[in-house]
Protein chains: 2
Amino acid sequence: MEVRDPQWLRGVLPLLVLTVLTRGECYGYDLSRQLETAGLGTIKGGTLYPVLARLEREGSVAIRWSEPTSGPARKYYRLTPAGKEQLAAGATAWLAFAERATQLLRTASEEHHDATT
Amino acid sequence: MEVRDPQWLRGVLPLLVLTVLTRGECYGYDLSRQLETAGLGTIKGGTLYPVLARLEREGSVAIRWSEPTSGPARKYYRLTPAGKEQLAAGATAWLAFAERATQLLRTASEEHHDATT
DNA sequence: CCAAACTAGATAGCAACGCCAACTAGCTGT
DNA sequence: ACAGCTAGTTGGCGTTGCTATCTAGTTTGG
């Protein structure tokens, strides 16, 4: 079985990206590795870059090109104030939703050991 | 602001439906109200019935028509053994995913009060 | 008595978005 | 020279929740 259903990322992935960016500016390829390290599975380029492009169009992130002395050029992203607000609102709402879904889903696993608290 | 982003239900809605069905057999219209009561927002017919149809096609739920003495006929759904397995596997995987996403998202809110544990 | 509102379910078409695959391009190591 | 990694981009696909609309029975109100 796969580690995650692709659909589960929908709507959350932009929030996860913005969250990583609160640590400081970062480029796409590194972002992808940080998300993997966070246990969220592999986020391939074809998934990540379109998300970053959307965030940029919405003004949630700002970009800066770096042309390092060695290696390919990197596109560094950093949070804008608008991005911070979007993250704050979105994260709060998602966490509330996930909390309720978690509560409901847990009742299924607990059905067999009724701990009368 | 809305209570939830529509996208957040993707992939989880079938699990939520199956979870409600662990309480016993239930018909669609009532399912929709139970999900709302659980704090997950309104799940309209156009969303719910296709989900139930998929679950039936996959053999995760079995149906029974009731023709009550009054009111429209109801289609009662109940979990099959296959549905229970699907729920167990899916719920575990989603809970793990949500746990990791929650951890990451919380770091953004905690960024400003560095509690050095 | 007819209309509105509610219960109960079904379906068509739309749009968002993550996925796969393929591509450019620079650098490194053998 | 060529394979492989880093870095980013694009096109088209499939899933699936949403809106809107429809059928049909029941109840309530003017």
Side-chain angles (χ1 to χ4, degrees), chain A residues 2-18 25-36 40-58 60-61 63-77 90 94 97 101, chain B residues 2-18 25-36 40-58 60-61 63-77 86 90 93-94 97 101:
Chain A
E2 320 91 18
V3 274
R4 66 151 202 274
D5 183 323
Q7 310 281 343
W8 295 345
L9 279 180
R10 288 196 174 236
V12 209
L13 182 54
L15 297 175
L16 297 170
V17 167
L18 293 176
E25 78 173 359
C26 191
Y27 59 99
Y29 196 80
D30 190 31
L31 255 161
S32 143
R33 284 182 305 205
Q34 291 203 36
L35 289 170
E36 178 139 38
L40 295 162
T42 307
I43 314 289
K44 300 236 183 85
T47 297
L48 184 61
Y49 293 116
V51 169
L52 288 167
R54 282 196 293 273
L55 290 173
E56 190 196 344
R57 268 202 310 277
E58 295 166 8
S60 307
V61 300
I63 70 161
R64 174 180 70 83
W65 278 101
S66 93
E67 308 212 13
T69 52
S70 94
R74 293 169 175 174
K75 206 170 173 179
Y76 278 87
Y77 299 86
W94 188 85
F97 167 79
Chain B
E2 321 90 19
V3 276
R4 66 153 203 273
D5 184 322
Q7 310 280 343
W8 295 343
L9 278 180
R10 288 194 174 242
V12 208
L13 183 53
L15 297 175
L16 296 170
V17 167
L18 293 177
E25 79 173 0
C26 191
Y27 60 99
Y29 196 80
D30 189 32
L31 255 162
S32 143
R33 285 182 303 204
Q34 291 202 37
L35 290 171
E36 179 138 38
L40 295 163
T42 307
I43 314 289
K44 300 236 182 86
T47 298
L48 184 60
Y49 293 116
V51 169
L52 288 167
R54 283 197 292 274
L55 290 174
E56 190 195 344
R57 267 203 309 278
E58 295 166 8
S60 306
V61 299
I63 70 161
R64 175 179 69 83
W65 278 100
S66 92
E67 309 213 13
T69 53
S70 95
R74 294 170 174 173
K75 207 171 172 178
Y76 278 88
Y77 298 85
Q86 190 194 328
W94 188 85
F97 167 80

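Computed from heavy atoms alone, side chains included, the values below leave out hydrogens, waters and symmetry copies. By convention in this document, chain letters (A, B, ...) are assigned in the order of the sequence lines, proteins followed by strands, and residues within each chain are numbered from 1. The shown structure was predicted, so the numbers you read here are calculated from the model rather than taken from an experiment.
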Starting at atom [atom1] of [X], determine the distance to atom [atom2] of [N], rounded to an integer number of angstrom.
| X | N | atom1 | atom2 | value |
| --- | --- | --- | --- | --- |
| A:Q7 | D:dT16 | CD | C1' | 6 Å |
| A:L16 | C:dG18 | CG | P | 10 Å |
| B:L52 | C:dT11 | CG | P | 13 Å |
| A:L9 | D:dG14 | CG | C1' | 16 Å |
| B:E56 | C:dT11 | CD | C1' | 15 Å |
| B:I43 | D:dT19 | CD1 | P | 11 Å |
| A:D5 | D:dT15 | CG | P | 12 Å |
| A:Y49 | C:dC19 | OH | P | 14 Å |

Candidates [options] - which lies nearest the side chain of [X]:
| X | options | value |
| --- | --- | --- |
| A:R4 | D:dG8, C:dC19, D:dC18 | C:dC19 |
| B:K75 | C:dG9, D:dG17, D:dT15 | C:dG9 |
| A:T47 | D:dT16, C:dT11, C:dG18 | C:dG18 |
| A:R10 | D:dT15, D:dG17, C:dA10 | D:dT15 |

Where [X] and [Y] come nearest, the two heavy atoms and their spacing:
| X | Y | value |
| --- | --- | --- |
| B:W8 | B:V12 | O-CG2, 3.5 Å |
| A:Q34 | A:C26 | NE2-SG, 3.7 Å |
| A:L40 | A:R4 | O-NH1, 2.6 Å |
| B:V17 | B:L31 | O-CD2, 4.1 Å |

Practice task
Answer with base, sugar-phosphate or nothing: what part of the nucleic acid does A:G46 contact at a heavy-atom distance below 4.0 Å?
Solution key: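 Touches a base.
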Practice task
Would you indicate what B:A53 reaches in the nucleic acid, counting non-hydrogen atoms under 4.0 angstrom: base, sugar-phosphate, or nothing?
Solution key: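 No contact.
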Distance-only donor-acceptor hits, side chain of residues 44-55 of chain A, under 3.5 Å, sequence neighbours excluded:
none

Where do N or O atoms of nucleotides 3-7 of chain C meet protein N or O atoms at under 3.5 Å, pair by pair?
residue: C:dT7; atom: OP2; partner: B:Y29; partner atom: OH; Å: 2.6
residue: C:dT7; atom: O5'; partner: B:Y29; partner atom: OH; Å: 3.4

Exercise for the section: Measure the spacing between CG of B:L15 and CD of B:Q86 and express it to the nearest 0.5 Å. Expected result: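 The CD atom of B:Q86 is 7.0 Å from CG of B:L15, to the nearest 0.5 Å.
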Handout entry: Closest-nucleotide ordering on DNA chain D, the 5'-leading residue of B:V12 and A:P50
Key =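 Nearer the 5' end of the strand: A:P50.
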Exercise for the section: Describe, in one word, how the ring planes of A:Y76 and A:Y27 are oriented to each other, choosing from parallel (under 30°), tilted (30 to 60°) and perpendicular (over 60°). Expected result: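 Judged by the thresholds at 30° and 60°, the geometry between A:Y76 and A:Y27 is perpendicular.
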Handout entry: Of B:W65 and A:L48, the one whose closest DNA chain C nucleotide lies more 5'
Key =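 Nearest nucleotide further toward 5': that of B:W65.
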Practice task
For D:dG17, take OP1 and OP2 only and decide whether either is under 4.0 Å from a side-chain N or O of B:K44.
Solution key: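 So the side chain of B:K44 is outside the cut-off, no N or O lying under 4.0 Å from OP1 or OP2 of D:dG17.
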